[in-house]
Amino acid sequence: VINQAFVGMAEKIINEQGAISLAQALEMAAAGSHETMDLIFLAGKIRQRFKQTQIFKCAIINAKSGMCPEDCAFCAQSAHHHTDVATYELLSAQKLEQTGLEVAAAGASNYSVVTSGTALTEADIETVCQVERR
Ligand code: SF4
């Protein structure tokens, strides 16, 4: 059974009767995992009301993969875990730019460069800065 308090909050937003309170938002944030799908359903209703079917596409590239010294338990990029993830240093500026143009041609309006590790090296930053923004 869906949480009726959550339904009421969603209806309030959908019917533009005002925003929910901070306390109500915190109540939703504290919902148990058994209510996650209900919240996703209600969020979808709110999105439909205000954004209809508009979407924007974004893309990411794994520009530097694996070998991370950190030990984040969920992450396949960590050197502490034995995964079969591909490992490589930062891709070239040409590759980053070429991929950006490809995803733009495919309809992406946003393109993010994601790297493993705690920080880029000075050389990595130089490489990223060579990518021409268009
Ligand atoms: S890449 Fe990021 S999330 Fe993954 S282990 Fe390293 S610091 Fe953690």
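Read the numbers this way: they start at 1 and go in the same order the structure lists the ligands and their atoms. Start at 1 with the first residue, then count along the sequence. Just the heavy atoms: all of them, side chains too, but no hydrogens, waters or symmetry mates, feed the values below.
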Q. Can you tell me if C68 has an N, O or S atom under 2.8 Å away from atom 4 (Fe) of ligand 1?
A. no

Q | Protein contact of atom 1 (S) of ligand 1 - nearest heavy atom, named by residue and atom, plus distance | A | G117 N, 3.6 Å

(Q) Give me the residue, atom name and distance of the protein heavy atom closest to atom 4 (Fe) of ligand 1. (A) C75 SG, 2.3 Å

Q.
For a 4.5 angstrom cut-off between non-hydrogen side-chain atoms, does M67 reach E89?
A. yes

Q | More than 12 heavy atoms of other groups within 6.0 Å of D84 CG | A | no

Q. Any side-chain heavy-atom pair from T121 and L90 closer than 4.5 angstrom?
A. no

Q | Flag side-chain contact, heavy atom, 4.5 Å: Y111 against L101 | A | no

Q | atom 8 (Fe) of ligand 1 - nearest protein heavy atom and its distance | A | C72 SG, 2.4 Å

